[in-house]
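Accompanying notes for the structure given below.
Side-chain atoms are counted along with the backbone in the values below, which use heavy atoms only and exclude waters and symmetry mates. Indexing begins at 1, ligand by ligand and atom by atom, following the structure's order.
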Amino acid sequence: MALEAIKYSRGELRILNQLLLPHLTVYEAVKTTDDGWNAIKAMKVRGAPAIAIVGCLSLAVEITKSEFTSVEALVEFTRERLAYLVTARPTAVNMSRAASDIGATLCQLVARPGATIDSVEKGLLEAIEAMMAKDLSDNKSLGRFGAEHIMANSQKDKAIVLTHCNTGSLATSGYGTALGVVRCLHESGWLERVYCTETRPYNQGSRLTAYELVSDAIPGTLITDSMAAFAMKERGITAVVVGADRVAGNGDTANKVGTYQLAVAAKHHGIPFYVAAPSTSCDLTLEGGEGIVIEERPHAELTEINGTRVAPPGIDVWNPAFDVTPQDLITGGIVTELGVFEPSKLKEALQAKEK
Ligand SMILES: CSC[C@H]1O[C@H](OP(=O)(O)O)[C@H](O)[C@@H]1O
């Protein structure tokens, strides 16, 4: 595994500042939910699962360091802080899902006969830590399901994969989602090469995915976003595998901006297009992708590079951090820790899991 994005022990949380990678490896302390919110907003830590993990663990750290005068004060604090953390980056579902799960656990803890501040606090910390640990343990099976599906549906004995953004240890603090599929292909001897797009404007691909590939000695080639369709035409790509920030009930998927055009190009070239996402990134409350809020980020992310202005003052900017790929373009399937599903079958499969 390339790098540990998040280091946690009860009462202490440190995050790897991904804005400084690959040049500097700097861990920063997160002591409060305000620190957590700011780190997520600034994208010091990013990636749907990692956002939820840092957000929730920042709450656990702040609770550990705080004194509460009553159970009601602890409940009010927890609910208000969870609602605040969800506002940092609205597109990925993981933080809002985790907030709702923690809220439900809190209700159960308070309802227990003889509940005290200590018993509720202890139960809350244990639940948050268990939830965050579980979220990391599923990814290996996701990687395996994806790798096996790609090989079972390919005429080639080795895969050449194209991926977008960063979906590895730095996005999940685990094996990775789309990059977990790549890791499993590589470990199984089934990977010829992976092409990673630089993923403007934050450059998750050139700064983070390339870093993970080099660290793990996985054969990778960096391309610009604008080269992707030509690579599909010229470089024998056998599958496109990307991550997800929020998958709607019909399989429409919000992911890093640029994903939609990769899906269109893959369709044109007859290349299977996969979305790799844990079930915690799926939002069955949404019928389709039109309901997904797309975060828009600061103009400076486009007009400046490393603090140097590259675009003339006065030019307008549109900087959506994500786009939505309609389910009919996800031709390979949606890879989860439960298996690979056609988009239309996803909701049924996940509801069966919840029973
Ligand atoms: C495994 S989640 C990775 C997901 O998150 C990325 O967005 P960001 O770097 O802005 O948090 C991108 O959409 C990835 O697919």
Side-chain angles (χ1 to χ4, degrees), residues 1-2 5-6 15-19 21 39-55 88-98 135-136 138-140 142-143 146 161-183 196-212 225 240-247 252-263 273-283 289 292-298 301-302 319-325 330 334-337:
M1 196 178 302
I6 301 164
I15 61 165
L16 178 58
N17 181 345
Q18 297 187 29
L19 288 168
L21 288 176
I40 292 165
K41 186 71 179 177
M43 294 179 69
K44 288 183 177 179
V45 62
R46 30 63 50 200
I51 288 169
I53 293 165
V54 168
R89 296 192 69 201
T91 303
V93 68
N94 306 59
M95 184 63 233
S96 55
R97 170 191 288 278
D135 204 44
L136 308 184
D138 291 332
N139 289 352
K140 280 219 173 192
L142 183 152
V161 173
L162 185 144
T163 194
H164 189 54
C165 199
N166 173 255
T167 58
S169 316
L170 294 168
T172 65
S173 203
Y175 193 60
T177 56
L179 213 54
V181 174
V182 169
R183 281 197 164 100
C196 60
T197 58
E198 64 181 353
T199 315
R200 284 279 297 142
Y202 182 96
N203 290 346
Q204 290 94 330
S206 52
R207 293 190 307 106
L208 307 180
T209 296
Y211 191 101
E212 291 200 41
D225 304 327
V240 178
V241 190
V242 300
D245 291 81
R246 192 181 294 246
V247 185
D252 291 352
T253 296
N255 194 52
K256 183 50 50 195
V257 64
T259 300
Y260 174 45
Q261 66 188 21
L262 292 178
F273 186 92
Y274 291 88
V275 165
S279 54
T280 47
S281 295
C282 299
D283 178 359
I292 299 175
V293 173
I294 300 297
E295 174 193 4
E296 295 205 14
R297 292 191 59 84
E301 291 183 356
L302 271 73
N319 184 16
F322 304 99
D323 57 26
V324 177
T325 299
I330 305 173
I334 297 178
V335 184
T336 73
E337 73 280 10

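Distances from ligand 1 to the non-hydrogen atoms of G47 include at least one value under 4.0 Å. Residue contacts with ligand 1: R89 is included, with a non-hydrogen atom under 4.0 Å away. Between F322 and ligand 1 there is a heavy-atom distance shorter than 4.0 Å.
Taking the side chain as every heavy atom from C-beta outward, L142 and P278 approach each other to under 4.5 Å.
Remark: E295 engages R297 in a salt bridge, criterion side-chain N to carboxylate O under 4.0 Å.
In this comparison of R297, K256, R46, the heavy atom closest to atom 10 (O) of ligand 1 sits on K256. Of the listed options N255, V275, N166, N255 places a heavy atom closest to atom 15 (O) of ligand 1.
What sits closest to atom 13 (O) of ligand 1 on the protein, heavy atoms only, is D245 OD1, 2.4 Å. In terms of protein heavy-atom proximity, atom 1 (C) of ligand 1 is closest to T177 OG1, 3.4 Å.
Looking at R89, its side chain never comes within 3.5 Å of a backbone N or O of A48 through a donor-acceptor pair. Checking side-chain atoms of D252 against main-chain N and O of V324 turns up no donor-acceptor pair under 3.5 Å. Panel note: side chain K256, backbone A321; a donor-acceptor pair is recorded below 3.5 Å.
Contacts between M43 and ligand 1 below 4.0 angstrom, taking non-hydrogen atoms only, involve the side chain exclusively.
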